[in-house]
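Let me begin by presenting the structure, written as structure tokens, before commenting on it.
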Amino acid sequence: MKLRIPANDSRVTQFVLLGLTDSPALQPILFVIFLLAYAATVGGNFSILAAILTKPRLHTPMYFFLGNLSLLDVGCITITVPALLRQCLSKERSIPYRACLSQLFFFHLLVGTDCFLLTVMAYDRYLAICQPLTYSTRMSWGIQKASVSMSGVFSFAHAVTQTVALSSLNFCGSNVINNFYCDLPQLFQLSCSSIQLNEQLLFLAAFFMGVAPFVLITLSYAHVVAAVLRIRSAEGRKKAFSTCGSHLTVVSIFYGTGFFSYMKLGAVDASDKDKGIGIFNTVISPMLNPLIYSLRNPDVQGALKKMLMGK
């Protein structure tokens, strides 16, 4: 496969995604693996969403947020994996400049909404366990809708800011992206103009969308743990922890992969390790989320069993 690298005096109109491997023998294997992962993610998340919609017992704020999280996971994997499947079947690895920016925009829109939504879910658990008497009023249906809407609005502002700032950069050298999707760190490395403003915007966004929500989630669960430990009944403590354990697992995976994805903005070259982190962030994490919630949540398990058995 020949990589099209334009001359220094020409403006890049498309990028070349190297994908995961150039080995023809591995392409069919990777295609089957990621096709199954995509099918499992879409099927798992839509199953949880269907169970939440059809079972009145799950019409609570926690499961309303979980249903929205499932939609975000489906959207996130749909942005990256279908393009990866095309790369496995075809030698054509190019992606138009505008398509690359569109992929970047929607990826940050969905991931940013995911970040805020996880924070809202932590606050929901704090109210349910630490403030049960005021839970119904402080987590009313209007507040639920407003929380999801504001998460989308804040994330939209972030995605627009990053995309517009990136579109102001000049790409006049190499157009080869050592990854299987378009993201900021790899595109920063290809720019032939100053990226100082872009990095400052990204670090500012990382504080408001990464550090601040993570601190709020930590504080929420610190209060939750303290309240649960005061419960005298062992069965009560187990039930309280079971409703929070799955969310904490998802938060750990989400912030862990996000941290490693953007901590090396100053690196000169992208390595294959970045591809592995990207796979975990865009494929494995959305695929694991429905499994985590169903395994650790007896209410979801019961709803799924009844739905599958037609009862």
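What you see is a predicted model; the values in this text were computed from it and never measured.
When all heavy atoms of Thr137 and Thr134 are compared, the pair lying nearest together is OG1-O, 3.0 Å. The minimum heavy-atom distance between Cys182 and Leu187, with the atom names listed, is CB-CD1, 4.4 Å. A pairwise comparison of heavy atoms in Ala51 and Leu58 identifies O-CD1, 3.7 Å as the closest pair. Ala205 and Gln162 make their closest contact through CB-NE2, 3.8 Å (heavy atoms, listed as atom of the first residue, atom of the second, distance). The minimum heavy-atom distance between Ala83 and Gln103, with the atom names listed, is CB-NE2, 4.4 Å. Residues Leu71 and Leu49 share a closest heavy-atom pair of CD2-CD2, 3.5 Å.
With hydrogens and angles disregarded, a donor-acceptor distance shorter than 3.5 Å links the side chain of Ser167 to the backbone of Val164. Checked by atom type and distance alone, the side chain of Arg93 pairs as donor or acceptor with a backbone atom of Leu18 at under 3.5 Å. Counting only distance, with no hydrogens or angles, the side chain of Asn45 and the backbone of Val74 share no donor-acceptor pair below 3.5 Å. Within the 3.5 Å criterion, the main-chain N or O of Leu66 finds a donor-acceptor partner in the side chain of Ser70. Of the possible polar contacts, none joining the Asn170 side chain to the Ser193 backbone as a donor-acceptor pair under 3.5 Å is found. For the pair Gln87 (side chain) and Phe180 (backbone), a donor-acceptor distance under 3.5 Å is present. Counting only distance, with no hydrogens or angles, the side chain of Ser94 and the backbone of Phe15 share no donor-acceptor pair below 3.5 Å. At least one donor-acceptor pair under 3.5 Å links the side chain of His59 to the backbone N or O of Ile52. Ser285 places no side-chain N or O within donor-acceptor distance of the main-chain N or O of Thr282, the cut-off being under 3.5 Å. Between the side chain of His223 and the backbone N or O of Leu219 there is at least one donor-acceptor pair closer than 3.5 Å.
Here the straight-line distance linking atom CZ of Phe254 with atom CG of Asp73 works out to 9.5 Å at 0.5 Å rounding. For the atom pair Gln189 CD and Leu184 CG, the distance stands at 11.0 Å (nearest 0.5 Å). Rounded to the nearest 0.5 angstrom, Met209 CE and Leu204 CG are separated by 11.0 Å. For the atom pair CG of Leu84 and CD1 of Ile77, the computed distance is 10.0 Å after rounding to the nearest 0.5 Å.
Applying side chain to side chain contact (heavy atoms under 4.5 Å, CB included) to Ile195 and the options Leu169, Leu201, Leu202 leaves one that passes, Leu169. The side chain to side chain contact (heavy atoms under 4.5 Å, CB included) test with His108 singles out one residue from Thr113, Asp183, Thr163, and that residue is Asp183.
Taking the disulfide (SG to SG under 2.5 Å) definition, one finds that Cys76 meets it with nothing, sequence neighbours left out.
Met121 has its side chain out of reach of Phe64: every pair of non-hydrogen atoms, C-beta onward, lies at least 4.5 Å apart. Residues Ser155 and Val111 form no side-chain contact, since every pair of their non-hydrogen atoms from C-beta on lies 4.5 Å or further apart. The shortest side-chain heavy-atom distance between Val228 and Val225 does not fall under the 4.5 Å cut-off. Considering only heavy atoms from C-beta on, Val120 stays 4.5 Å or farther from Phe116 through its side chain.
Under the 30°/60° scheme for interplanar angles, the aromatic rings of Tyr181 and Phe107 are found to be tilted.
The ring of Tyr126 has its center no closer than 6.0 angstrom to the ring center of Tyr221.
A side-chain N or O of Tyr135 and one of Asp124 form a donor-acceptor pair less than 3.5 Å apart.
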